[in-house]
Chemist: 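The structure under discussion is supplied below as C-alpha cells; questions concerning it will follow.
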Amino acid sequence: MPTDASLTYADLSLTVSEAGTGRPVLVLHGGGGPATVTGLAQHLSRTAHTITPVHPGWDGTPRPAWLTSVEDLARVYLHTLRERELRDVLVVGSSLGGWIAADMAARDSTGTISGLVLIDAVGVEVDAEPIADIFALDARGVAELSWHDSDRYYLDPADIAGDELARRQANMATMRVLAGDPYMHDPELLPRLGRIQVPTLLLWGESDRVVTPAYGAAYAEAFGDGRLEIVPEAGHLPHIEQPDATYALIEAHLDRTSTRSHPS
C-alpha cells in the first residue's frame with residue numbers, strides 16, 4: 001500500500017466529475033454510490049468548484065488490490081488535493097463519505113482542508129448507539145431505517161432492472177471490503193478527532209436509524225470545533241429528503257469557513 005510520503009498510485013485511475021468555479025468543495029458519496037450526491041454537488045457548483053469522485057470499486061470502476069480500507073481512500077483523496085495544489089478545501093461527505101472526510105482531516109498536516117460537513121456519517125464507535133447492520137437486512141429493512149418516508153423511497157428489488165441490481169450488489173460488495181471489518185468504523189478514529197480544529201458541521205436527519213442523532217451528537221462532541229444540526233423529517237440522506245433545509249445549512253457553513261473570505 002502506498003504511504004503518505006510516497007504516493008504514486010500508478011495503478012489507480014480516479015473517475016471524477018467537476019463543475020463550477022470558486023472555492024474547492026470535495027463531495028464524497030456514501031455506500032449508495034455517486035448518484036446519492038449528484039443533486040448536492042450540482043447545487044453547490046452554483047457558487048463553488050465541486051469535485052466529486054467515484055470511490056474506486058463503485059459503479060464498475062476499478063479498485064487496486066492494495067486499496068482495502070477507508071484509510072486508503074483518505075490518503076488517496078488528500079494526495080489528489082495536494083497534487084492539484086488546492087487550498088481552502090471544504091470536504092462534504094455523506095455516510096461512508098463522512099467517515100472518509102473525518103479521516104482526511106485527521107491526517108491533514110498541510111492545512112489543505114479548511115472545513116468539514118459530515119452528513120449522517122459513520123466511522124466511529126459510540127457504545128450506547130451502535131450502527132445498524134445493514135448487511136444483515138433486506139431492502140425493506142434498510143429502507144425503514146434509512147428514510148423518514150420509507151414508503152416513498154423504498155424500491156422492491158424485484159422491480160429493479162438486472163443491470164442496476166448488479167451495480168448495487170457490486171457496490172455493497174466493495175463496501176464490505178472497505179468497511180465491513182470492523183463494521184463501519186475505525187476504532188482509532190474517535191480519539192483523533194479532538195486534534196481537528198477546522199470548523200466541522202455534522203448534519204443529521206432526525207429520523208435516521210442507521211446512525212441515530214444521539215450517535216451524531218457524540219460524533220460532534222469529539223471534534224475540536226464540531227457542531228450538530230438536526231434536519232427535521234429526514235433520515236440517513238437529508239440532502240435527498242429535505243434538500244432545501246440541508247443546502248441552506250451547508251451554504252452557511254461554506255461561507256463561514258472560507259479562509260479566503262475570512263483571512264486569519
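No experiment lies behind these values; they were computed from the predicted model shown.
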Chemist: Within a radius of less than 6.0 Å around CD of Glu18, do more than 12 heavy atoms belonging to other residues, nucleotides or ligands occur?
Modeler: yes
Chemist: Decide, yes or no, whether a salt bridge links Arg168 with Asp163 under the criterion of side-chain N to carboxylate O below 4.0 Å.
Modeler: no
Chemist: Does a side-chain heavy-atom distance below 4.5 Å link Ile51 with Val27?
Modeler: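 With C-beta onward as the side chain, the pair stays apart.
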Chemist: Before giving the answer on side-chain contact (heavy atoms from CB on, under 4.5 Å), spell out for Asp225 and Val198 the whole-Å C-alpha distance, their side-chain angles and the decisive distance to 0.1 Å.
Modeler: CA-CA 6 Å; Asp225 184 5; Val198 299; over 6 Å; no
Chemist: Do you reckon Val177 sits in the same ILVMFWY cluster as Phe135, going by side-chain contacts under 4.5 Å, direct or chained?
Modeler: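 Yes; Phe135 is reachable from Val177 via cluster members.
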Chemist: On a heavy-atom basis, which atom in Gly31 and which in Asn171 lie closest, and how many Å separate them?
Modeler: O-CB, 4.1 Å
Chemist: Nearest 0.5 angstrom please: Thr50 OG1 to Leu90 CG, how far?
Modeler: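 Interatomic distance, Thr50 OG1 to Leu90 CG, rounded to 0.5 Å: 11.5 Å.
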Chemist: CG/Leu178 to CZ/Arg176 distance, rounded to the nearest 0.5 angstrom?
Modeler: 13.0 Å
Chemist: Can a donor-acceptor pair be found, under 3.5 Å and without considering hydrogens, that links the side chain of Ser69 to the backbone of Asp72?
Modeler: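 Present.
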Chemist: As an exercise, state the distance from CD1 of Ile113 to CG of Leu78, rounded to the nearest 0.5 Å.
Modeler: 5.0 Å
Chemist: Determine yes or no for a side-chain-to-main-chain donor-acceptor pair under 3.5 angstrom, with Ser146 supplying the side chain and Ala143 the backbone.
Modeler: no
Chemist: Could you check whether atom CD of Glu85 has more than 12 heavy atoms from other residues, nucleotides or ligands sitting under 6.0 Å from it?
Modeler: no
Chemist: Does a salt bridge link Asp11 with Arg63, judged by any charged N lying under 4.0 Å from a carboxylate O?
Modeler: no
Chemist: Which atoms form the tightest heavy-atom contact between Asp133 and Tyr183, and what is the distance?
Modeler: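 Closest pair (atom of Asp133, atom of Tyr183, distance): CA-OH, 3.3 Å.
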Chemist: In Å and rounded to the nearest 0.5 Å, what is the CG to CG distance from Leu96 to Asp120?
Modeler: 13.0 Å
Chemist: What is the distance from atom CG of Leu28 to atom CD1 of Ile119, rounded to the nearest 0.5 Å?
Modeler: 10.0 Å
Chemist: If we check side chain to side chain contact (heavy atoms under 4.5 Å, CB included) with Leu116, which of these qualifies: Val89, Leu201, Ile196, Val92?
Modeler: Ile196
Chemist: Test His29 against Trp58 for ring-ring contact (aromatic ring centres under 6.0 Å, His included), laying out the working first.
Modeler: CA-CA 10 Å; His29 67 78; Trp58 265 261; 5.7 Å; yes
Chemist: Taking 4.0 angstrom as the limit, do Glu229 and Arg227 come out as a salt bridge?
Modeler: yes
Chemist: Using 0.5 Å steps for rounding, measure from the CG atom of Leu145 to the OG1 atom of Thr212.
Modeler: 11.5 Å
Chemist: Hey, can you tell me if Trp204 and Tyr215 have their rings parallel, tilted or perpendicular (30° and 60° cut-offs)?
Modeler: tilted
Chemist: Strictly below 4.0 Å, N to O, side chains only: are Arg75 and Glu71 in salt-bridge contact?
Modeler: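 So Arg75 pairs with Glu71 through a salt bridge.
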Chemist: With a 4.5 Å cut-off on side-chain heavy-atom distances among I, L, V, M, F, W and Y, is there a chain of contacts connecting Ile240 to Ile134?
Modeler: no
Chemist: Ignoring hydrogens and angles, tell me if any N or O in the side chain of Glu241 forms a donor-acceptor pair with the backbone of His148 under 3.5 Å.
Modeler: yes
Chemist: Is any side-chain heavy atom of Thr174 less than 4.5 Å from a side-chain heavy atom of Met172?
Modeler: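 No. Closest side-chain heavy atoms not under 4.5 Å.
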Chemist: Using a 4.5 Å cut-off on heavy atoms from C-beta on, say whether the side chain of Leu12 contacts that of Trp66.
Modeler: yes
Chemist: Working note: Arg192 + Glu188, criterion salt bridge (Lys or Arg N to Asp or Glu O under 4.0 Å); need CA distance, chi angles, decisive distance, verdict.
Modeler: CA-CA 7 Å; Arg192 296 164 57 208; Glu188 299 180 359; 5.9 Å; no
Chemist: Between Leu202 and Phe223, is any pair of side-chain heavy atoms under 4.5 Å apart?
Modeler: yes
Chemist: Flag yes if Val76 and Val16 sit in one hydrophobic cluster, no otherwise; membership is Ile, Leu, Val, Met, Phe, Trp, Tyr, and two members link when side-chain heavy atoms are under 4.5 Å apart.
Modeler: yes
Chemist: Applying side-chain contact (heavy atoms from CB on, under 4.5 Å) to Leu14 and Tyr77, what does each step give before you reach the verdict?
Modeler: CA-CA 10 Å; Leu14 283 178; Tyr77 292 141; 4.1 Å; yes
Chemist: Run Tyr153 and His236 through ring-ring contact (aromatic ring centres under 6.0 Å, His included) and show every step you take.
Modeler: CA-CA 12 Å; Tyr153 292 97; His236 193 60; over 10 Å; no
Chemist: So do Leu73 and Pro56 actually touch side chain to side chain, heavy atoms under 4.5 Å?
Modeler: yes
Chemist: Return the minimal non-hydrogen interatomic distance between Met184 and Val122, and the atom names on each side.
Modeler: O-CB, 3.8 Å
Chemist: Can you see which heavy atom on Thr112 is nearest to which on Arg82, and at what distance?
Modeler: OG1-CG, 3.9 Å
Chemist: Should Ser114 and Arg23 be marked as a side chain to side chain donor-acceptor pair (under 3.5 Å) after you check the CA-CA gap, both sets of side-chain angles, and the distance that decides it?
Modeler: CA-CA 11 Å; Ser114 56; Arg23 182 183 179 190; 2.8 Å; yes
Chemist: Hey, does Met104 have a side-chain heavy atom less than 4.5 Å from the side chain of Leu81?
Modeler: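 In contact.
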Chemist: Work out which heavy atom in Gln242 is nearest to a heavy atom in Ala234; give both atom names and the distance.
Modeler: CG-CB, 3.9 Å
Chemist: Count I, L, V, M, F, W, Y as connected when their side-chain heavy atoms are under 4.5 Å apart, and connections chain through other members. Are Leu190 and Val210 then in the same cluster?
Modeler: yes
Chemist: With side chains defined as the heavy atoms from C-beta onward, is the minimum distance between Val211 and Glu129 less than 4.5 Å?
Modeler: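 Result no, sub-4.5 Å side-chain heavy-atom pair not found.
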Chemist: Walk me through it: do His239 and Leu237 pass the test side-chain contact (heavy atoms from CB on, under 4.5 Å)?
Modeler: CA-CA 5 Å; His239 52 290; Leu237 301 171; 3.6 Å; yes
Chemist: Step by step, would you call Ile250 with Leu40 a side-chain contact (heavy atoms from CB on, under 4.5 Å)?
Modeler: CA-CA 10 Å; Ile250 295 175; Leu40 172 60; 3.7 Å; yes
Chemist: Is any side-chain heavy atom of Trp99 less than 4.5 Å from a side-chain heavy atom of Asp186?
Modeler: yes
Chemist: Without swapping roles, check the side chain of Thr36 against the backbone of Gly33 for a donor-acceptor pair under 3.5 Å.
Modeler: yes
Chemist: Please report the shortest heavy-atom distance between Pro53 and Leu26, naming the atom on each side.
Modeler: CD-CD1, 3.8 Å
